[in-house]
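Lettering follows sequence order; numbering is per chain, from 1.
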2 protein chains.
Amino acid sequence: MNKPTVHDIAREAGVSLATVDRVLNARPGVREETIARVQAVVDRIGYVRDTFAANLARQRLYRFAFVLPEGPGQFVGTLAEALAEAHASHVVDRVALRVVHVPTQDPEAVVRVLAELGEAGMDGVALMTPETPQVRDAVARLKADGLAVVAIASDLPSSMRDYFIGINNLAAGRTAGLLMGRFLRDAGEVLVVTNSMRSRDSLERRLGFDAVMAAEFPEHRILPSVESFDDPGRMAAIVREVMARRPAIRGVYSMGTGNTALLGALRASARPGDLVVVGHELTPTTRAALRSGEMSAVIAQNVGHLVRSALRIMRALCDQRPIFEAQEQIRIDLILRENIL
Amino acid sequence: MNKPTVHDIAREAGVSLATVDRVLNARPGVREETIARVQAVVDRIGYVRDTFAANLARQRLYRFAFVLPEGPGQFVGTLAEALAEAHASHVVDRVALRVVHVPTQDPEAVVRVLAELGEAGMDGVALMTPETPQVRDAVARLKADGLAVVAIASDLPSSMRDYFIGINNLAAGRTAGLLMGRFLRDAGEVLVVTNSMRSRDSLERRLGFDAVMAAEFPEHRILPSVESFDDPGRMAAIVREVMARRPAIRGVYSMGTGNTALLGALRASARPGDLVVVGHELTPTTRAALRSGEMSAVIAQNVGHLVRSALRIMRALCDQRPIFEAQEQIRIDLILRENIL
DNA sequence: CTGTTTTTGAGGTACGCACCTCAAAAATAC
DNA sequence: GTATTTTTGAGGTGCGTACCTCAAAAACAG
């Protein structure tokens, strides 16, 4: 027995192909009663639309845009690379990609770009931008225009986004805390740094980190978060200063970006040999630091999965197809020196 | 400008569609000179065959079989589940699946099943079986019949298999060693257990584990491997006995299956509260043990990825398409209590 | 140059679906 | 009842490819 087709539905339901087509594609001009009859047959014989044939027929081209922060961030770089790779290798077919870099600190600029994308006839937008009221409204407008909108890496929970693709940052922080606690030998202080505590990610990570440290490793003293405000110079200066002032520091948790500056400052400091450094995201910098032993662990999300997931989900949303959650779940990856890959 | 089609090739090369078809599908009856001309145009305009249209046209149905060990193993169970899930959700389309469970300790039975699959007109076989000369020959026969053959989870390096889908077990063992060393507090003994040291996986894991422990954590004494020979009763008995006899044991590394029996025995023993237990594969048992704290870490390979990867790779092999290595790389997952997911 | 073989062209059908038109049938309103 | 609207049927075309046939053209042998 082969896969049922529209012909099978028509025969079983005692209607014509045209009617089946009208029902399947929600075209008007069919009695409720007939719709129900066709639907019943569809359910009974287990018909599923052949997406490939359907796309072939309708000459479907998915127009997707990725809105990423501009600037020199390494994580964004690896993300853009993964995107190019996924696109080039036709993991997802029939997709016209557009990657836009925006100055995320300027909400108005983000809004302008999103508005432009809406008018450009995009089918879906994946964005990685901080949550601001302006962005929230722009997302709502995109949704109103019928676009699929997904947030990647950093969620926009209060917006109308269809989906968030990324890790649970509270759990990521808890994982960092667990690792830190188990890796630390003697009681001491733990320095926590980030580029910005205004970012939801850092907030959630800190929450999780503190919860685990307080509950299970109370012998350590967790210092208040130090912020670099995305300024490498500032990061280096502060870290150097704190390290000099607080010799009891035995661990450093880096919740955000700016690891290059952080590691540079640590190198310059008279840091203890058994300093435990835990950070986020696998980049050339953190990779090298794991290899050299300067970092003990990195908590990552696989950027390849991230972009492929984003592409698949936007497609599913466009096709109004259900999303296969298990495949799209982005896991919290734990990277040590030995499993960098 | 749209995606180039066979029509574009025909026009550009000044030949007919029939000739283009003959060249693209390596059918006979075309002069070398003409083949070269058509190929040149294909390369120049960047034609790529539309797999969806192609499969639609040729009514392609991929017949794949998975050969898995029979018996009550939890890992195989989760694998079979993931397989059913991937199949049901049409992650891969146009695939007729067949899952066969074989008594892997009986090489002749495995050979019989493989021979039968070859005759049943399969397009590809994914197998998870120990490496024996008989199996190696059977794989060679399948290859000779033109089937795609991939090894999953456990490699068959000396065979003709097209691809191995799974983790690097040496690196997995090294990762286990690194975690064990960092998690252990006081110097002591480490118990290493497995179901069978005849399995290549356990051998490689032990090698990696020892290398890291010896080089970086020489203060601990790593005991010889204890084997259960797939017998839960034996596992329980041995572990209980060893734990009683060696009070200095501070860590346990479980390289293979049989974690349920192991954990049961540990629970029954007067184990130290800070015992570090590291094992492999995320199963209901190890998951619960992570949650309860009985296990400190699990080294896993995502079974969902494993089966999806196997399906994609078999398809690519059948289509003679290149494999997108980056997506198929199975990473060594590190699972702690906080990132179980 | 003729006869034979090889290569090429032209055209068709099919795959499963989307989308279109026009006419026929059925349901409804008056 | 007839007039009108709504619903349905029948049929077609195209998407990009595979695979088939038959005839025409070209290349080659003698």
Heavy-atom protein contacts under 4.0 Å, nucleotides 3-9 of chain C, coded B base, S sugar-phosphate only, - none: ----SBB
Among D:dG16, D:dT17, D:dA18, which nucleotide has an atom closest to any side-chain atom of B:H7? D:dT17
Are B:K143 and B:D162 ion-paired here, with the side-chain N under 4.0 Å from a carboxylate O? yes
Please check this pair: side chain of B:N25 against backbone of B:D21, looking for a donor-acceptor N/O pair closer than 3.5 Å. yes
Considering only side-chain heavy atoms of B:D50, which listed nucleotide, D:dG16, D:dA18, C:dG16, is closest? D:dG16
Considering all heavy atoms of both residues, which atom of A:V110 and which atom of A:T104 are nearest to each other, and what is their separation? CG2-CA, 4.1 Å
Rounded to 10°, tell me the angle between the two end axes of the helix from C:dC1-D:dG30 to C:dC30-D:dG1, each built from five pairs. 30°
Determine whether A:I9 and A:V38 make a side-chain contact, defined as any pair of heavy atoms from C-beta on separated by less than 4.5 Å. yes
With heavy atoms under 4.0 Å as the rule, sort B:N55 into base, sugar-phosphate or nothing. nothing
Does a side-chain N or O from B:R27 land closer than 4.0 Å to OP1 or OP2 of D:dC19, or not? yes
Whole-Å distance, B:N25 CG to D:dA18 P, equals 4 Å
Whole angstrom is fine here: how far is it from CG in B:D21 over to P in D:dC20? 10 Å
Below 4.0 angstrom, which residues in residues 39-46 of chain A have at least one non-hydrogen atom near DNA chain D? none
Rounded distance in Å - CZ (A:R58) to C1' (C:dG16): 12 Å
Which pair of non-hydrogen atoms, one from A:F64 and one from A:V95, has the smallest distance, and what is that distance? CD1-CG1, 3.8 Å
Electrostatic pair B:R98:B:E116 at N-O distance under 4.0 angstrom: yes
Distance-only, no hydrogens or angles: does the B:R63 side chain make a donor-acceptor pair with backbone N or O of B:A96 under 3.5 Å? no
Taking only side-chain nitrogens and oxygens of A:R49, does any of them come within less than 4.0 Å of OP1 or OP2 of C:dA18? yes
Salt bridge (charged side-chain N to carboxylate O under 4.0 Å, His left out), paired with B:E328, selected from B:R315, B:R312, B:R308: B:R312
Do B:E131 and B:S159 have a side chain donor and acceptor closer than 3.5 Å? no
With the side chain counted from C-beta on, respond yes when B:F164 and B:V150 share a heavy-atom pair under 4.5 Å apart, and no when they do not. no
Checking side-chain polar atoms at under 3.5 Å, does B:N168 have a donor or acceptor matched by the opposite partner on B:R331? no
Find the distance A:L24:CG to C:dC19:C1' and express it as a whole number of Å. 13 Å
